[in-house]
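Each remark here refers to the structure printed beneath this line.
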Amino acid sequence: MNAVQDPVARVEAAAVAAVEAVGGDAATGVDAALKPSAKPEFGDFQLNAAMALAKKLGRKPREVAVDLAAALMSPALGLKGVIAEPEIAGPGFLNLRLEPDALAIALAGMDDDRLGIEPEMKPHGVTIDVCGVNVAKQMHVGHLRSTVIGDTVARLFERIGRTVHRQNHLGDWGLPIAMTLHSLLSRKVDFATLDLDTLNVAYRDAQLEARGDGRGLAAAIANHCGPHRIAELETQEESAGAAQTAAREALVRLQSGDANMVTAWKRLIEVTMKEVYRACDLLGTKIAPESERGESSFRDELAEVVDTFVRSELAVEDDGALVVRFDDRDRPMLIRKRDGGFLYATTDLAALRYRVQELDSDEVIYVVDARQRDHFRDVFDACRKIGWSTLPDGVESKLVHLGFGTVLGADKKPLKTRSGANFKLMDLLQAAVDRGTEAVTIRAAEPHAPTHGLPPSELAAIGRAVGIAAIKYADLSGDSARDYVFDLDRMIAFEGDTGPYLQYAHARLCSLLEKAGDEADTDASFRIEAPEERRLALLLLRYPATMQAAAHSLEASRLCRFLYGVATEFSSFYSACPVLKTEDSGIRNARIRLVRLTRNVLRDGLGTLGIGAPTRM
RNA sequence: GCGAGUGUAGCUCAAUUGGAUAGAGCACCGGUCUACGAAACCGGCGGUUGAAGGUUCGAGUCCUUCCACUCGCGCCA
């Protein structure tokens, strides 16, 4: 978009100039930005600077507003013909309205391949931690969030021209994995026919076996339980100890490269990831084997990481363990256990250094459960203290934990794998696809439906897109930080503020354009006359700014809200303004052009969210 | 105990980061198709923004004190 020609940019620049002219020195720090009007009757944009300026100048807000309006329309700024005479309202709001021609020019300005979004030229990339799966564990609904939100944030950055590295930090190392391996090997399970469900059971059993319930024992004694109960708990403690010893031995064999162990371990990863990629493919996320960089890939760096902290005197011994302390809080971060073993935080430090330095990122984003807030705060602060967050050219990498809320059960308690009532991610996706296919098939049976007569395979593909759209949009459209109660019916609803609603608007747009065919004049000028056209047009103009804001704030929900608005305004336009049935060919062609731009924005926006946009449904 | 997060319509969420009469969807009640696609549109019902103070032209948003719920807090990942 050319800043000289673009009418909105000209008004924005003029607003800044006018505020300076009226305020002089007092203008510094006063927000001269144009805001979209709260209501259509207030105009297109509002300038709220008069109130803030009046306070600093010690004048009446309405008087300042009058001066501001005069300054804005002074011949030097050349806004005559771009906006109508400003109206002053309330305490001193300046309501601005674009002239129809200016609006048409602004629309034409964004009607290009990039839809007005200029690529950001930055020398470094962005790394996004996504997915968060653990080897030998089934993906459950909690993984939906990290996978879908992470992938969409990645798409947002890609859309504004950034290089993005998706990183899947698999939990593929450590005691739990060794325990599972030991459990499988000792039961002589056939690794060739292994599936994830069997693996998951083995993982859970190994965990249960090894969990010593010391607290249970203490409580039993404190509560004067009978000797039988205490003996039972003591036995449990002992066998848990035995299981842990066995697991430790298994881990040692794995670490030392024991061929059988390594083969079995690789098979474990293979079986797990096959399922993970099935889910990722169905979800349409760009998460592939090249994103895989599990905890195990950093295992040889851990000793050196700890060493570096010790040498820099950032890590000190405490009760046998090595800890990093922070000035502003009591809680230290453990990076090495008393027995010499490393911890979660140690691996994360190694991974973070890799992501900033090797992947060359000026921003590293962790899309991980919000409950790990404190952990990431520690890791990030430690990373900054030791200087790993600074790039060779001196740029400080931004480290962000995009913590998403917990998925709760009907009892408002977090869904736990062990609760049994937990929903496997694949079951959820399948339910959505089934419902989508059912809805599409029913509609296709009606003779008038554009999908009537399509082969079942095509209807199934559309149904899949609809069902997945519902799931993804439901997860993306809210504030990601908030917990939500899992509700299958709500997640796969197709009406109202949902993914399929957006798809439906898109399909109607496509249908109009297909029917318009060759008769449409692609170079027709925009003509914005009806109120419905005006509302749609003004909203479309905000697409580039919305995209930038969504990417920079890591809020996919902003893009969702915007696209929902576009779909809604289009639907109103569609029922109020005939397009193909309009006699006047000038108006018809202008409307077709508006339809095309709307279709392009919706298609591009849905693509950025990672939601499919079928041309018929 | 310490730290963090969240409280908005019956339910699920907004509110352009301090702006105009707090808006949408679902649900409920009405009205629109022999069709530029009714997965839609138009209208109605629904609010002491957890509570009380404070800051100012102006507060859901900022400050203080409470209340409720959730999460985290040294050798798991």
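In the text below, chain A, chain B and the rest are named by the order of the sequence lines, each starting its count at 1.
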TODO: Please state whether the phosphate of B/rA20, meaning OP1 or OP2, lies under 4.0 angstrom from any side-chain nitrogen or oxygen of A/Lys35.
DONE: no
TODO: Identify whether any heavy atom of A/Arg377 sits under 4.0 Å from a base atom; if not, whether one sits that close to sugar-phosphate; answer base, sugar-phosphate or nothing.
DONE: nothing
TODO: Report yes if a donor N or O on one partner sits less than 3.5 Å from an acceptor N or O on the other, where the partners are the side chain of A/Asp497 and the base of B/rA14; otherwise report no.
DONE: no
Task: Selection from B/rC36, B/rG72, B/rG37 that lies nearest to any side-chain heavy atom of A/Leu512 - done: B/rC36
Task: side-chain N/O A/Tyr504 vs B/rG37 OP1/OP2, d < 4.0 Å - done: no
Task: A/Arg443 side chain near B/rA39 phosphate (N/O to OP1/OP2, under 4.0 Å) - done: yes
Open item on the list: With rounding to the closest Å, how many angstrom separate the P atoms on B/rA22 and B/rC45?
Closed with: 14 Å
TODO: For B/rA52 and B/rC33, measure between their P atoms and round to the nearest Å.
DONE: 49 Å
- [ ] Please report, rounded to the nearest Å, how far the C1' atom of B/rG25 is from the CG atom of A/Leu502.
- [x] 12 Å
Task: Nearest-Å distance once atom P is located in both B/rC13 and B/rG50 - done: 15 Å
Task: Residues A/Arg293 and A/Asp129 bridged, charged N to O under 4.0 Å - done: no
Task: Donor/acceptor link under 3.5 angstrom from A/Gln46 side chain onto base of B/rA20 - done: yes
Task: Closest contact, heavy atoms only, A/Ser480 versus A/Ile149 - done: CB-CD1, 3.8 Å
Open item on the list: On the nucleotide B/rG25, are OP1 or OP2 found under 4.0 Å from the side-chain N or O atoms that A/Arg490 carries?
Closed with: no
Open item on the list: When you measure from the side-chain N and O atoms of A/Arg482 to the phosphate of B/rA14, is any distance below 4.0 Å, counting only OP1 and OP2?
Closed with: yes
- [ ] Take A/Phe380 and A/Tyr366 through the test ring pair (Phe, Tyr, Trp, His ring centres under 6.0 Å) and record every step on the way to the result.
- [x] CA-CA 11 Å; A/Phe380 294 167; A/Tyr366 285 78; 5.6 Å; yes
- [ ] Output the single nucleotide from B/rA77, B/rG19, B/rU17 whose closest atom is nearest the side chain of A/Arg558.
- [x] B/rU17
TODO: Check the geometry between A/Phe93 and B/rA20 and answer yes if their rings are stacked (centres below 5.5 Å, planes below 30°), otherwise no.
DONE: yes
- [ ] Report yes or no: is the ring centroid of A/Tyr574 under 5.5 Å from the six-membered base ring centroid of B/rC36, with the two planes under 30 degrees?
- [x] yes
Open item on the list: Should the side chain of A/Asp483 and the base of B/rC71 be counted as holding a donor-acceptor pair, with the cut-off at 3.5 Å?
Closed with: no
TODO: For nucleotides B/rG5 and B/rC63, find the distance between their P atoms and express it as a whole number of Å.
DONE: 11 Å
TODO: Evaluate the ring planes of A/Trp173 and A/Trp265, with Trp represented by its six-membered ring, and classify them as parallel (under 30°), tilted (30 to 60°) or perpendicular (over 60°).
DONE: perpendicular
Open item on the list: Just N and O in the side chain of A/Ser511: are any of them under 4.0 Å from OP1 or OP2 of B/rG37?
Closed with: yes
Open item on the list: Under 5.5 Å centre to centre and under 30° between planes: does that hold for A/Tyr501 and the six-membered base ring of B/rA40?
Closed with: no
TODO: In whole angstrom, give me the gap between the P atoms of B/rU49 and B/rA59.
DONE: 12 Å
